[in-house]
Amino acid sequence: MEQRPLGRTGMSVSQLCLGAMMFGAVGNPDHDEGVRIVHRALDAGITFIDTADVYSGGESEAVVGKALAGGRRDDVVLATKVGLPFGQDPNQRGMSRRWITEAVENSLRRLGTDWIDLYQLHRLDPDTDVDEALGALSDLVHAGKIRAFGASTVPASEIVEAQWTAERRGRERFRTEQPPYSVLTRAVEVDVLPTTQRYGMGVLSYSPLAGGWLSGKYRKGQEVSGPGSVGRAQRFPGVFDAANPANAAKLDAADALGALADEAGLTLVQLAIGFVVRHPAVTSAIVGPRTMDHLESYLAADGVELSSDVLDRIDEIVPPGHTINVADNMWMTPALTPAARRR
């Protein structure tokens with residue numbers, strides 16, 4: 001599998017990253033199968049694993065740690081995340097020095113490792129000064145507990161602000177960004193991806209199948225049903241509701257893309273992942289299997305090269321920079337939230 005530079009960190013990672021969100025109670029509760037999935041991914045050439053402390057309340061990290069025990073830890077660039085609420089305690093969330101310092105120790109214990117290669121803020125916390133987080137994360141780098149840090153789902157303006165803050169305060173800086181990116185969710189092409197390129201940041205994009213819409217299951221004339229996992233159903237309620245006009249538009253696009261994949265002799269999964277990894281700003285596409293069959297379908301996308309003709313056809317179906325349902329961008333400018341609007 002192709003290995004690519006992770007921005008300017010000096011680390012190299014596989015163009016497919018194994019996402020571990022589905023390991024544990026909200027996805028696949030069978031820990032042994034999770035271990036087998038990790039081992040199959042490593043054997044196939046994946047060298048990059050991404051998880052988070054909140055996935056199944058820490059179960060995901062524990063499964064990954066179990067899979068890497070026995071000598072496989074050194075073969076992997078290991079990433080995890082902090083910031084989403086871990087419990088009811090208001091201090092067990094966000095990006096305060098207090099929580100980051102506590103959470104990293106918990107993640108290290110669950111993962112069974114002495115260091116984390118990439119530690120990411122799951123979301124920026126608007127109630128916390130970004131310098132607070134940069135200071136805490138910089139100290140963790142200097143202590144050797146993490147090698148680099150990044151963030152997820154950050155608007156371009158806030159990426160720039162964080163880079164400037166790091167430079168002016170003498171902090172280590174965000175080295176990576178993890179945005180949602182798929183054929184149906186292309187808004188990051190406008191400014192986020194160009195911004196990461198300017199700052200030499202690695203990009204590990206999530207949801208290349210648009211939350212399942214590009215799995216091949218959703219075509220016209222077929223029943224549109226909800227996610228197969230409890231986790232996705234909880235996280236994206238009503239995401240496949242056919243009465244939603246945005247979903248009708250996504251179904252139109254998914255059907256057209258499915259027909260294009262058929263013409264090209266590909267599965268829709270291959271076309272969707274091949275599209276994401278083709279963007280010059282993208283380092284690695286995160287694939288999050290719940291079952292071994294899911295993993296095999298993702299691995300089949302390795303090495304797929306989309307022709308210019310196919311890419312042009314994709315642009316006709318979903319124009320560059322366009323997201324069919326803006327909610328799929330996964331962030332909103334804070335000034336547009338209901339609490340911030342003066343009405």
Side-chain angles (χ1 to χ4, degrees), residues 1 4 6 13-31 33-42 44-68 76-84 107 110-111 116-123 150-153 176-182 185 202-215 227-232 234-236 269 272-273 276-277 282-302 328 330:
M1 184 173 295
R4 299 175 168 184
L6 183 61
V13 296
S14 52
Q15 70 170 349
L16 297 184
C17 173
L18 180 66
M21 188 177 78
M22 290 292 101
F23 296 163
V26 300
N28 187 339
D30 186 339
H31 287 200
E33 184 174 7
V35 169
R36 289 192 293 271
I37 289 172
V38 173
H39 289 170
R40 171 68 182 112
L42 299 184
I46 288 179
T47 61
F48 197 13
I49 298 177
D50 176 72
T51 183
D53 57 357
V54 296
Y55 294 162
S56 292
E59 272 189 87
S60 172
E61 288 184 326
V63 171
V64 171
K66 182 178 179 181
L68 297 180
V76 169
V77 173
L78 182 58
T80 191
K81 297 184 284 295
V82 63
L84 293 186
S107 288
R110 287 188 293 264
L111 290 164
I116 293 163
D117 295 296
L118 178 63
Y119 199 47
Q120 303 157 97
L121 298 180
H122 218 143
R123 297 290 187 274
S152 176
T153 323
T176 62
E177 165 60 12
Q178 186 178 143
Y181 183 44
S182 73
T185 312
V203 173
L204 44 159
S205 58
Y206 70 88
S207 202
L209 302 187
W213 278 98
L214 301 178
S215 65
S229 72
V230 174
R232 291 192 188 280
Q234 291 175 345
R235 190 176 180 189
F236 306 111
V269 169
I273 294 175
V276 169
V277 298
V282 172
T283 307
S284 188
I286 299 174
V287 293
R290 182 170 52 87
T291 67
M292 190 68 76
D293 286 343
H294 290 164
L295 175 63
E296 295 297 343
S297 71
Y298 304 149
L299 292 176
D302 180 38
D328 294 337
M330 299 299 291

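No hydrogens, no waters, no symmetry mates; every other heavy atom, side chains included, goes into these values. This structure is a prediction, so every number in the text was calculated from the model and none was measured.
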Nearest non-hydrogen partners of Asp117 and Leu78, listed with the distance: OD2-N, 2.8 Å
Heavy-atom donor-acceptor pair, Thr283 side chain to Val203 backbone, under 3.5 Å: yes
Nearest heavy-atom neighbours spanning Thr185 and Tyr181: O-CD1, 3.4 Å
Euclidean distance, Ser297 OG relative to Leu209 CG, rounded to 0.5 Å: 7.5 Å
Test item: side-chain donor near acceptor, His122 and Gln178, under 3.5 Å: no
Lys66 NZ to Leu111 CG distance, which is reported to the nearest 0.5 Å: 14.5 Å
Nearest atoms (heavy-atom pairs only) where Ala285 meets Val276: CB-CG1, 3.9 Å
N/O donor-acceptor pair under 3.5 Å between Ser182 side chain and Pro208 backbone: no
Ile37 to Leu295 - nearest heavy-atom pair and separation: O-CD2, 3.5 Å
Donor-acceptor side-chain pairing of Arg123 and Thr153 below 3.5 angstrom: yes
Within-4.5 Å side-chain heavy-atom neighbours: Val82 and Ser107: no
Pair Met21-Tyr206, side chain to side chain contact (heavy atoms under 4.5 Å, CB included): steps then yes or no: CA-CA 11 Å; Met21 188 177 78; Tyr206 70 88; over 6 Å; no
Minimum-distance pair of heavy atoms, taken over all atoms of Phe48 and Ser14: N-OG, 3.6 Å
Check: His294 side chain, Gly288 main-chain N or O, donor-acceptor pair, under 3.5 Å: no
Criterion side chain to side chain contact (heavy atoms under 4.5 Å, CB included) on Leu18 and Val64, from CA distance to verdict: CA-CA 10 Å; Leu18 180 66; Val64 171; over 6 Å; no
Heavy-atom closest contact (Ser56 atom, Ser60 atom, distance): CB-N, 4.4 Å
Gln120-Ser152 side chain donor-acceptor pair, cut-off 3.5 Å: no
Distance in Å, Arg40 CZ paired with Glu33 CD, rounded so as to fall on 0.5 Å steps: 14.0 Å
Value rounded to 0.5 Å, distance of CG in Asp53 from CD in Glu59: 13.5 Å
Residue pair Thr51, Phe23: steps toward the side chain to side chain contact (heavy atoms under 4.5 Å, CB included) verdict: CA-CA 9 Å; Thr51 183; Phe23 296 163; over 6 Å; no
Asn28 side chain vs Met22 backbone, donor-acceptor pair below 3.5 Å: no
Working for side chain to side chain contact (heavy atoms under 4.5 Å, CB included), residues Asp50 and Lys81: CA-CA 8 Å; Asp50 176 72; Lys81 297 184 284 295; 2.7 Å; yes
Heavy-atom donor-acceptor pair, Arg4 side chain to Val282 backbone, under 3.5 Å: yes
Separation between CE of Met1 and CG of Leu299, rounded to the nearest 0.5 Å: 5.5 Å
Point-to-point distance, once rounded to the nearest 0.5 Å, from CG of Leu42 to CD1 of Ile49: 5.0 Å
Val269 and Tyr298, any side-chain heavy atoms less than 4.5 Å apart: yes
